[in-house]
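Residue numbering restarts at 1 for every chain, and letters A, B, ... go by the order of the sequence lines.
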Number of protein chains: 4
Amino acid sequence: MKEDTRKNIMETAVKLFAETGFKDTSISKIANQADVGKGTIYWHFDSKEDLFFSIIKEKGKAYFDKILQLDRSDLSPQEVIYQYIKGRIEFIDNNHKLAEMLISNNDVINREFKELMEKKHRQSVAVLEKAIQRGIDSGEFRESPSNEIALMIINSTNSAHNNFSCSLKGDNEERTKKIFDFIMYGLAGGKRNEK
Amino acid sequence: MKEDTRKNIMETAVKLFAETGFKDTSISKIANQADVGKGTIYWHFDSKEDLFFSIIKEKGKAYFDKILQLDRSDLSPQEVIYQYIKGRIEFIDNNHKLAEMLISNNDVINREFKELMEKKHRQSVAVLEKAIQRGIDSGEFRESPSNEIALMIINSTNSAHNNFSCSLKGDNEERTKKIFDFIMYGLAGGKRNEK
Amino acid sequence: MKEDTRKNIMETAVKLFAETGFKDTSISKIANQADVGKGTIYWHFDSKEDLFFSIIKEKGKAYFDKILQLDRSDLSPQEVIYQYIKGRIEFIDNNHKLAEMLISNNDVINREFKELMEKKHRQSVAVLEKAIQRGIDSGEFRESPSNEIALMIINSTNSAHNNFSCSLKGDNEERTKKIFDFIMYGLAGGKRNEK
Amino acid sequence: MKEDTRKNIMETAVKLFAETGFKDTSISKIANQADVGKGTIYWHFDSKEDLFFSIIKEKGKAYFDKILQLDRSDLSPQEVIYQYIKGRIEFIDNNHKLAEMLISNNDVINREFKELMEKKHRQSVAVLEKAIQRGIDSGEFRESPSNEIALMIINSTNSAHNNFSCSLKGDNEERTKKIFDFIMYGLAGGKRNEK
DNA sequence: AATGAATGAGGGTTCATTCAT
DNA sequence: GATGAATGAACCCTCATTCAT
């Protein structure tokens, strides 16, 4: 029963945080919606921030774990990139607003959160970076700064989710392919005519 | 002197809004930091929202105008894309904090703001889209959905600015070239070996 | 204990509203005087207006109910008028400050309040009007516009309470009789010598 | 020219004060409406209160002077009362909202204003009182406490102006007569049948 | 474990007043 | 005489947090 209340609060909170953001979601609203007393939330969590972090950590864990698991040499570099895009799109699809919080650095709550997010971000970059480097070493990819390419891949992938009411069309598979294709061959594709 | 105070307030505000977001930046804080009375802000602006919009409109105008001017046929498609990237990077460099506000859609304040930003975003997409289509028609670019490619270009360009304390290295010229290169040729470049 | 706080706030508020009016009575002042936190007032009432209305509705109900109960044919017209005066004087005596709020229409807060007060006022007028008409029909009273006479009776009755530090003397019984006498016979009494 | 600005301000102010009351009329609004700078008002008047008092004193003077002039023995007691009612109704008609301020003691601004109003009120009562006493002495009026009757006359006269959207009908002459008649003969008129 | 009444710091905003020009 | 930009105290209200029960 103990865990039930805690879970109930977290699930209600994640929905509300995702819908209206951290600042605009009050403890009262969460308590109301979760059908518990306000004091109950403070029995289970130290503060509003603590509640938020607990959610982020729990919900984000699966996502980040999946990314970290791509850091294996039995996957081809292209496969790593493809799976990265796919995983992110799926996560965004399932946790729409929460994803925005994890992806953007605007809703910075405090230093602890910022540092946690930066760490996760660096880890994601590192996974991609390694795969890219492997691809370059094998001659599969062209010479380029792997770290920065990783960053551009991550940003391109964001095209999958709403960006001022504009986003990629199609189901997850299609969207993944589109982004992967863009990342792999760019606009010109094989057509190299130097600017 | 009249305009000095207004400018002072706007510059202080843009810094604080960018640092801590709209919600977490109080009028008191802005007034303190700008070394004016709280009432002074309300002499120059109708409300906190009005202050925010005034900043967005005034500072963002030059940036968006420059993008719209790229919509000319005497520029090659590649040139349009290159100039787009360059313009955005320069804007980000000069208005670092403001750029974060303009780029992120997390701090959506209200419908008016949302609609303004969406309109500007659609216009930017349209400019790129046209250029891409021209490139495809001329055989310069490979066949692809121009609208969605435009979106991915925009997102890739965001790699130029801080993304959880990680960004592209080099001066503006270098960074522009890196992004342009990525967009043009992708990771594989001419090396096409289908996944 | 729950109701104690609410009552405490209402009683403090009615005193202050009556002393200094709605506009000039701040929530802070009420909270201070009632020895509760400002937030406590907002726990019990939605807004300053809600507090005001709650007082009016709760405290005024008994008074208006008593008036409406005079609308019975087993009471002689004179008796209705006498009881009306008596009821109002008693109410004023027991709710001195509140009475000032109910009687004056200067502190009109908003449409809802205005309409509520007008409705109650019309009902009071109607009760008196019916009684007057009955008295005229029976030949007890002289021919006269019953509606307007009702209005004058109401205003005369206001003489019982402070009017720029001047009011009728005596206990409630005496004051009721004085006003009743004035209303019945006027200044000249039976002495009719046309002006 | 000096007096022109001052007059302009006062006339604009009296209109606005009358329309929206003292509290709800801001100096800005008056300045705007009068088409002068805010500072100009403060050059002509010490404060918002001073502006208000200046209006009250000036506009109220004519009214109160007229009442005081009724304190002459060449007027019959009835004539005094009749003229009192008539004067008040005319004043109310010409200065509708301002009249409410003068008549009600709810919009008490401060001690000075309160005392001024009470003094004027006492003087008005005194004029009526003397006339009543003369009428009683001459056998014209029946025996009664002249001071308190004066108060009731004043209150009855208030029936002429809006009282929660209910007031006497007819032109000034008619309304004066109705009130005079009520005051003189009451409801029963000559018909004395003791309750 | 759970509750909800109570709190007060801080939010955005208004406005009478001042003063350099 | 006249102006209006600047001020800051005070306004109503919100909400994260506490604590007696």
Side-chain angles (χ1 to χ4, degrees), chain A residues 1-6 9 22-32 35-51, chain B residues 1-6 9 23-32 34-51, chain C residues 1-6 9 23-32 34-51, chain D residues 1-6 9 22-32 35-51:
Chain A
M1 181 134 327
K2 178 178 174 177
E3 278 310 298
D4 277 4
T5 302
R6 188 183 157 90
I9 292 169
F22 181 78
K23 264 275 166 185
D24 281 342
T25 303
S26 68
I27 290 288
S28 287
K29 207 172 164 187
I30 297 170
N32 255 5
D35 215 39
V36 299
K38 246 190 302 192
T40 308
I41 293 180
Y42 281 89
W43 195 90
H44 287 282
F45 303 91
D46 289 345
S47 65
K48 193 185 173 186
E49 286 192 1
D50 181 44
L51 168 58
Chain B
M1 186 146 306
K2 180 176 171 180
E3 278 310 299
D4 279 4
T5 303
R6 189 184 155 91
I9 292 170
K23 280 264 171 186
D24 275 342
T25 303
S26 71
I27 290 289
S28 291
K29 206 173 165 188
I30 297 171
N32 265 358
D35 212 40
V36 298
K38 241 190 309 187
T40 308
I41 294 180
Y42 283 91
W43 172 260
H44 289 281
F45 303 92
D46 289 345
S47 64
K48 193 186 175 187
E49 283 195 2
D50 181 44
L51 168 58
Chain C
M1 185 146 306
K2 180 177 172 178
E3 278 311 299
D4 279 3
T5 302
R6 189 184 155 91
I9 292 170
K23 282 262 170 184
D24 276 342
T25 303
S26 71
I27 290 289
S28 290
K29 206 172 165 187
I30 297 171
N32 265 358
D35 212 40
V36 299
K38 240 190 311 187
T40 309
I41 294 180
Y42 284 91
W43 172 260
H44 289 281
F45 303 92
D46 288 346
S47 65
K48 194 184 173 188
E49 285 195 1
D50 182 45
L51 169 57
Chain D
M1 182 136 323
K2 178 177 172 178
E3 278 311 299
D4 277 5
T5 302
R6 188 184 157 90
I9 292 169
F22 181 79
K23 265 275 165 186
D24 281 342
T25 303
S26 69
I27 290 289
S28 287
K29 206 173 165 187
I30 296 171
N32 255 6
D35 213 38
V36 299
K38 245 189 304 190
T40 309
I41 294 180
Y42 281 88
W43 195 90
H44 287 282
F45 303 91
D46 290 346
S47 66
K48 193 185 174 187
E49 286 192 1
D50 181 45
L51 169 58

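In this model, the phosphate group of dT17(E) is approached by a side-chain N or O of Y42(D) to a distance below 4.0 Å at OP1 or OP2. An OP1 or OP2 oxygen of dG11(E) is reached within less than 4.0 angstrom by a side-chain nitrogen or oxygen of S26(B). Between T5(D) and the phosphate of dA2(F), there is a side-chain N or O to OP1/OP2 separation shorter than 4.0 Å. The shortest distance between the side-chain N/O atoms of S28(A) and the OP1/OP2 oxygens of dC15(F) is not below 4.0 Å.
Residues I30(D) and L51(D) meet the side-chain proximity criterion, which asks for heavy atoms closer than 4.5 Å.
The distance from the CZ atom of R6(D) to the CZ atom of F45(D) is 4.0 Å, given to the nearest 0.5 Å.
Between I27(A) atom CD1 and dA6(E) atom P there is a gap of 20 Å when expressed in whole angstrom units. Whole-Å rounding puts the N32(B) CG to dG8(F) P distance at 10 Å.
No N or O donor and acceptor, one from the side chain of K38(B) and one from the base of dG11(E), sit under 3.5 Å apart.
Taking every side-chain heavy atom of T40(B) into account, dT7(F) is the closest of dT7(F), dT7(E), dT3(F). Counting only heavy atoms from C-beta on, S47(A) has its side chain closest to dT17(F) among dT17(F), dT7(E), dT7(F).
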Worksheet item: Which dot-bracket string describes DNA chain E (Watson-Crick N1-N3 plus N6-O4 or O6-N4, or G-U N1-O2 and O6-N3, all under 3.5 Å; [ ] crossing; | other strand)?
Response: .||||||||||||||||||||

